Trainee: 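The following block contains the structure, expressed as structure tokens.
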2 protein chains.
Amino acid sequence: MKSDKISEFTTNRLSVYLRCLNKLAAAGETSISSESFALRFDLNSAQIRKDLANFGDFGVRGLGYPIDTLRENLIKILGLDRERHVGIIGAGRLGMALTDYYGLRRANFTVSALFDADPGKIGKKIGQVVILDIKDFSAAVKKYNIDVAVIAVPSSAAQIALQMVKQSGIKAVLNFAPVPLKSGPDIKVNSIDLTTSLENLSYFLAKSDDAKEG
Amino acid sequence: MKSDKISEFTTNRLSVYLRCLNKLAAAGETSISSESFALRFDLNSAQIRKDLANFGDFGVRGLGYPIDTLRENLIKILGLDRERHVGIIGAGRLGMALTDYYGLRRANFTVSALFDADPGKIGKKIGQVVILDIKDFSAAVKKYNIDVAVIAVPSSAAQIALQMVKQSGIKAVLNFAPVPLKSGPDIKVNSIDLTTSLENLSYFLAKSDDAKEG
DNA sequence: AACTGTGAAGGGCTTCACAGCG
DNA sequence: CGCTGTGAAGCCCTTCACAGTT
């Protein structure tokens with residue numbers, strides 16, 4: 001184990017590995033080789049061995065990786081063994097859809113509150129989760145021990161929302177607004193940019209069109 | 001202009017550039033240098049010049065890039081000048097939220113239909129968009145000229161959905177199911193993996209926790 | 001003088017290939 | 001013999017540095 005500086009490519013793959021291991025465990029499998037594991041993704045087996053070797057010697061030469069202990073190790077490495085509290089900023093369609101998104105629960109993330117500026121929304125509930133006034137954000141962060149913020153507001157409001165998040169002391173942010181945010185050090189902002197994904201598909205299709213036409 | 005093989009890193013940045021240019025144009029700016037453009041993202045100016053130089057000599061030495069013509073060029077390059085028709089598979093919360101997501105319209109994508117297997121949903125409408133029986137998918141693809149599919153079904157159904165999409169002849173897919181899909185050549189599958197993004201945040205927080213504890 | 005376009009250098013992620021262990 | 005763990009090679013993306021253009 002020599003975890004210097006782990007790349008995001010690596011940790012993202014660990015997340016994928018874990019989901020696959022969960023399935024294998026449920027199917028009663030007890031061990032797997034890097035080679036047959038790699039076949040389940042579009043990966044080279046050395047990639048998998050290297051990824052895992054960053055965190056420990058989990059494998060057994062001649063046999064492969066024991067599934068149960070590898071699962072437990074990945075859960076610890078990814079921090080999925082502790083509960084996280086999430087505050088979602090923006091109670092639009094996206095914010096509401098995320099509120100009872102099962103993937104959050106599976107990652108041990110609990111949505112503690114939704115926030116919005118619209119007086120017509122404040123006080124309403126999405127399932128168990130209440131919509132609070134955005135003005136009470138900092139207070140709610142302390143009250144509910146919120147450690148992850150989700151930015152689900154229009155692009156024009158995203159930078160201000162991030163500013164508020166930073167001031168509240170939160171260190172981890174998931175951003176859905178399709179704008180480059182100035183974050184700064186010591187805080188992690190993961191952006192999910194639907195617009196870029198769509199335009200990337202558009203580029204691919206346009207390229208194919210052009211190839212056909214000449 | 002020597003567009004051999006353009007990397008996805010490049011096209012994704014082009015998408016971000018374009019959005020910024022739209023803002024600049026709306027603000028009445030007429031030209032911008034790669035250096036001051038780079039400051040708006042976390043990028044090196046050479047990166048921007050190289051990205052653009054893949055597609056043409058859009059700049060003017062001594063002056064920078066004219067905003068209007070660069071915008072028009074990026075729109076053409078990304079294929080945003082032609083309308084695309086989208087079919088969304090899965091009329092759950094996510095599918096419905098996407099149906100009237102403004103980002104789709106902005107990229108010149110029109111949602112033609114939603115598809116679901118639940119008889120209780122079939123026939124209902126989300127705004128202007130009707131929910132069709134998934135069994136009629138291939139017919140609807142032809143009828144509406146659908147060229148982009150969005151997979152918004154549970155993980156367990158995602159691979160089957162993709163199979164159906166392939167058989168219908170669609171070449172571009174946006175997948176929200178957090179599973180590695182076997183796609184094959186000649187078809188482009190962009191996955192948006194919320195689970196990985198969340199677990200990546202979890203990893204970051206766990207690492208910080210550990211650093212504090214020793 | 002200002003700024004683009006680009007060959008060359010640099011840096012990082014992936015793949016190869018094999019030593020070493022069970 | 002099978003499979004892991006890993007140094008070295010390969011490959012690709014980014015950054016540097018500067019010649020060339022207006």
Side-chain angles (χ1 to χ4, degrees), chain A residues 1-17 20-21 24 29-71 73-74 77 180 196 200 203, chain B residues 1-17 20-21 24 29-71 73-74 77 180 196 200 203:
Chain A
M1 161 147 35
K2 30 60 195 297
S3 62
D4 310 335
K5 210 56 196 164
I6 306 298
S7 113
E8 201 143 311
F9 291 96
T10 297
T11 58
N12 286 350
R13 280 190 300 266
L14 293 185
S15 169
V16 177
Y17 298 163
C20 186
L21 289 173
L24 289 170
E29 302 288 325
T30 58
S31 88
I32 190 161
S33 71
S34 63
E35 190 63 39
S36 58
F37 203 37
L39 287 175
R40 296 174 172 264
F41 319 102
D42 265 332
L43 286 179
N44 183 290
S45 64
Q47 181 78 84
I48 291 177
R49 294 198 295 278
K50 274 230 151 83
D51 285 341
L52 298 177
N54 281 313
F55 298 94
D57 289 6
F58 302 132
V60 182
R61 287 161 204 249
L63 288 174
Y65 297 86
I67 288 177
D68 271 346
T69 60
L70 184 55
R71 265 185 76 220
N73 276 302
L74 288 183
I77 291 166
T196 292
N200 184 42
Y203 171 79
Chain B
M1 164 150 27
K2 30 68 198 291
S3 61
D4 310 333
K5 210 58 196 163
I6 306 297
S7 112
E8 200 142 312
F9 290 96
T10 296
T11 58
N12 287 349
R13 279 191 301 265
L14 293 185
S15 169
V16 177
Y17 298 163
C20 186
L21 290 172
L24 289 170
E29 302 286 325
T30 58
S31 87
I32 190 162
S33 71
S34 63
E35 190 64 38
S36 59
F37 203 40
L39 287 174
R40 297 176 171 263
F41 320 102
D42 265 332
L43 286 180
N44 183 289
S45 64
Q47 180 77 83
I48 291 177
R49 294 198 296 279
K50 273 232 152 85
D51 284 342
L52 298 177
N54 281 312
F55 298 95
D57 288 6
F58 302 132
V60 182
R61 288 161 203 251
L63 288 174
Y65 297 85
I67 288 178
D68 270 348
T69 59
L70 185 55
R71 264 186 76 219
N73 276 303
L74 289 183
I77 292 166
T196 292
N200 185 42
Y203 172 78

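Computed from a prediction, not measured in an experiment: that's the story for all the values here. In what follows, chains carry the letters A, B, and so on, assigned in the order in which the sequence lines appear, proteins first and then strands, with residues in each chain numbered from 1.
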Trainee: Quick check for you: among dA17(C), dT4(D), dC3(C), whose closest atom lies nearest to any side-chain atom of Ser33(B)?
Mentor: dC3(C)

Trainee: Can you list everything that forms a ring pair (Phe, Tyr, Trp, His ring centres under 6.0 Å) with Tyr17(B)? Sequence neighbours excluded, please.
Mentor: Phe37(B), Phe41(B)

Trainee: Looking at dT6(D), does its base get a donor-acceptor pair with the side chain of Lys50(A) below 3.5 Å?
Mentor: no

Trainee: Is Leu52(A) close to Leu70(A) at the side-chain level, that is, under 4.5 Å between some pair of heavy atoms?
Mentor: yes

Trainee: What is the distance, to the nearest angstrom, from the CG atom on Asp57(B) to the P atom on dG20(D)?
Mentor: 15 Å

Trainee: Can you measure Asn54(B) atom CG to dC12(D) atom P for me and round it to whole angstrom units?
Mentor: 15 Å

Trainee: Counting only side-chain nitrogens and oxygens, does Tyr65(A) get under 4.0 Å of the OP1 or OP2 atom of dG5(D)?
Mentor: yes

Trainee: Can you tell me the distance, in whole Å, between the CG atom of Leu52(B) and the P atom of dT4(C)?
Mentor: 10 Å

Trainee: For the helix from dA1(C)-dT22(D) to dG22(C)-dC1(D), how many degrees between its two end axes (five pairs per end), to the nearest 10°?
Mentor: 0°

Trainee: Separation of Ile6(B) atom CD1 from dC13(D) atom P, in whole Å?
Mentor: 10 Å

Trainee: Going by salt bridge (Lys or Arg N to Asp or Glu O under 4.0 Å), name the residues that satisfy it together with Arg13(A), two or more places apart in sequence or in a different chain.
Mentor: Asp51(A)

Trainee: Between C1' on dT4(C) and CZ on Phe58(B), what's the gap in Å once rounded to a whole number?
Mentor: 13 Å

Trainee: Whole angstroms only, please: what is the CZ-C1' distance between Phe9(B) and dG12(C)?
Mentor: 11 Å

Trainee: Could you list the residues that satisfy salt bridge (Lys or Arg N to Asp or Glu O under 4.0 Å) with Glu29(B), not counting sequence neighbours?
Mentor: none

Trainee: If you restrict it to nitrogen or oxygen atoms, what contacts under 3.5 Å exist between nucleotides 18-21 of chain C and the protein, and what is each distance?
Mentor:
| residue | atom | partner | partner atom | Å |
| --- | --- | --- | --- | --- |
| dG20(C) | N3 | Arg61(A) | NH1 | 3.3 |

Trainee: Does Ser31(B) have any side chain to side chain contact (heavy atoms under 4.5 Å, CB included) partners at least two apart in sequence or in another chain, and if so, which?
Mentor: none

Trainee: In whole Å, I'd like the distance from the CG atom of Asn44(B) to the P atom of dT4(C).
Mentor: 12 Å

Trainee: What is the distance from atom OG1 of Thr11(A) to atom CD1 of Ile6(A), rounded to the nearest 0.5 Å?
Mentor: 8.5 Å

Trainee: Output, in order, the C-alpha distance, side-chain angles, deciding distance and verdict of side-chain contact (heavy atoms from CB on, under 4.5 Å) for Arg71(A) and Tyr65(A).
Mentor: CA-CA 10 Å; Arg71(A) 265 185 76 220; Tyr65(A) 297 86; over 6 Å; no

Trainee: Supply the atom-to-atom distance Glu8(A) CD to Thr196(B) OG1, rounded to the nearest 0.5 angstrom.
Mentor: 10.5 Å

Trainee: Which pair of heavy atoms, one from Arg40(B) and one from Pro180(A), lies closest together, and at what distance?
Mentor: O-CG, 4.2 Å

Trainee: Using atom CD of Gln47(A) as one end and atom P of dA17(C) as the other, report the distance to the nearest whole Å.
Mentor: 17 Å

Trainee: Assuming nearest nucleotide by heavy-atom distance, tell me which of Asp51(A) and Val60(A) is located more 5' along DNA chain C.
Mentor: Asp51(A)

Trainee: Respond yes when some side-chain nitrogen or oxygen of Ser34(A) is under 4.0 Å from OP1 or OP2 of dC3(D), and no when none is.
Mentor: no

